[in-house]
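We count ligands from 1, going down the list as the structure has it; atoms in each ligand are counted the same way. Keep in mind the model is a prediction, meaning the values are calculated, not measured.
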Amino acid sequence: VLQRKLIFTMDVEDWFHAENIKKYVGETTYSSLPRVYDVLDYLDSVNARGTFFVLGLLADSVPALIREVKDRGHEIASHGLSHRMLGSLSEVELLRDLRESKDRLEQLTQSECIGYRSPCFSKHPCLDEMLIATGYKYKSCELKASFHDRYGSPGFGGSQLVRDFALPSATVFGKSVPASGGGYFRLYPASFQKFLLAMADAEPLIFYCHPWDFDPCQPVPSSVPRILKVRHSIGSKRAFRKLSRFKFDNVTLGELVYTS
Ligand SMILES: [Zn+2]
């Protein structure tokens with residue numbers, strides 16, 4: 001039986017960028033980003049590499065961290081500039097966001113940034129055209145069961161395509177259930193998530209998480225409604241141990257664009 005690939009991906013953003021709690025957090029000096037180093041150590045220890053979707057603004061605030069991710073053999077892709085939802089951006093703003101995040105990350109790592117994941121998988125009608133116009137080769141911002149479709153782009157010449165690496169979901173009792181994701185990763189027992197991944201109709205399977213999924217010490221302010229607080233941090237203490245239950249491949253999405 002051929003094993004499907006399981007690709008590790010992380011959206012590199014701080015705990016206060018999370019959409020659920022963003023508006024409740026004022027000035028803060030606490031950062032969850034150092035957890036990324038622990039994740040890098042873990043991936044090294046199991047000989048796995050993956051793709052890190054990084055906020056463009058972090059190229060200025062934590063350049064050493066991003067270089068470290070790159071130097072350890074992982075791919076640096078874009079998670080946009082500052083985590084603004086795509087629905088709130090005009091076409092011009094979207095173009096600028098895509099271009100500037102790519103430029104900043106490329107200048108820092110001295111290598112091409114060809115992948116993009118939108119904040120919270122948000123949508124924009126012009127996304128594919130804009131990705132092609134700004135030189136991206138793939139996106140990973142759909143949550144659906146099948147992701148073999150490629151998007152042509154009539155406006156920019158039919159031969160140019162943006163590969164779509166969607167996140168896996170499984171159909172359980174006729175309902176589509178996400179099989180991957182930071183919150184789901186923390187919430188589901190590892191065995192259940194593995195069951196969902198096995199049921200998902202996708203190749204490769206994409207795992208995703210955030211630095212703050214591994215941080216039980218986030219100073220989430222008391223003004224954050226309890227339900228959001230629980231959703232944000234449930235299971236973070238166990239997240240590390242849980243990670244070791246998955247067997248990740250030693251390949252990045254960027255590499256797969258050219259080989260599959
Ligand atoms: Zn995000």
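For K5, there are no salt bridge (charged side-chain N to carboxylate O under 4.0 Å, His left out) partners two or more places apart in sequence or in a different chain.
Looking at heavy atoms from C-beta onward, F52 lies in side-chain contact with L40 at the 4.5 angstrom threshold.
For F8 and Y42, the ring centers sit 6.0 Å or farther from each other.
In summary, no N, O or S atom of C120 is located under 2.8 Å from the Zn ion (ligand 1). The Zn ion (ligand 1) has an N, O or S atom of E13 under 2.8 Å away, backbone or side chain.
Summarising the geometry, atom CG belonging to D249 is positioned 11.5 Å from atom OG1 belonging to T252; distances are rounded to the nearest 0.5 Å.
At the Zn ion (ligand 1), the angle from NE2 in H83 to NE2 in H79 is 100° when rounded to 10°.
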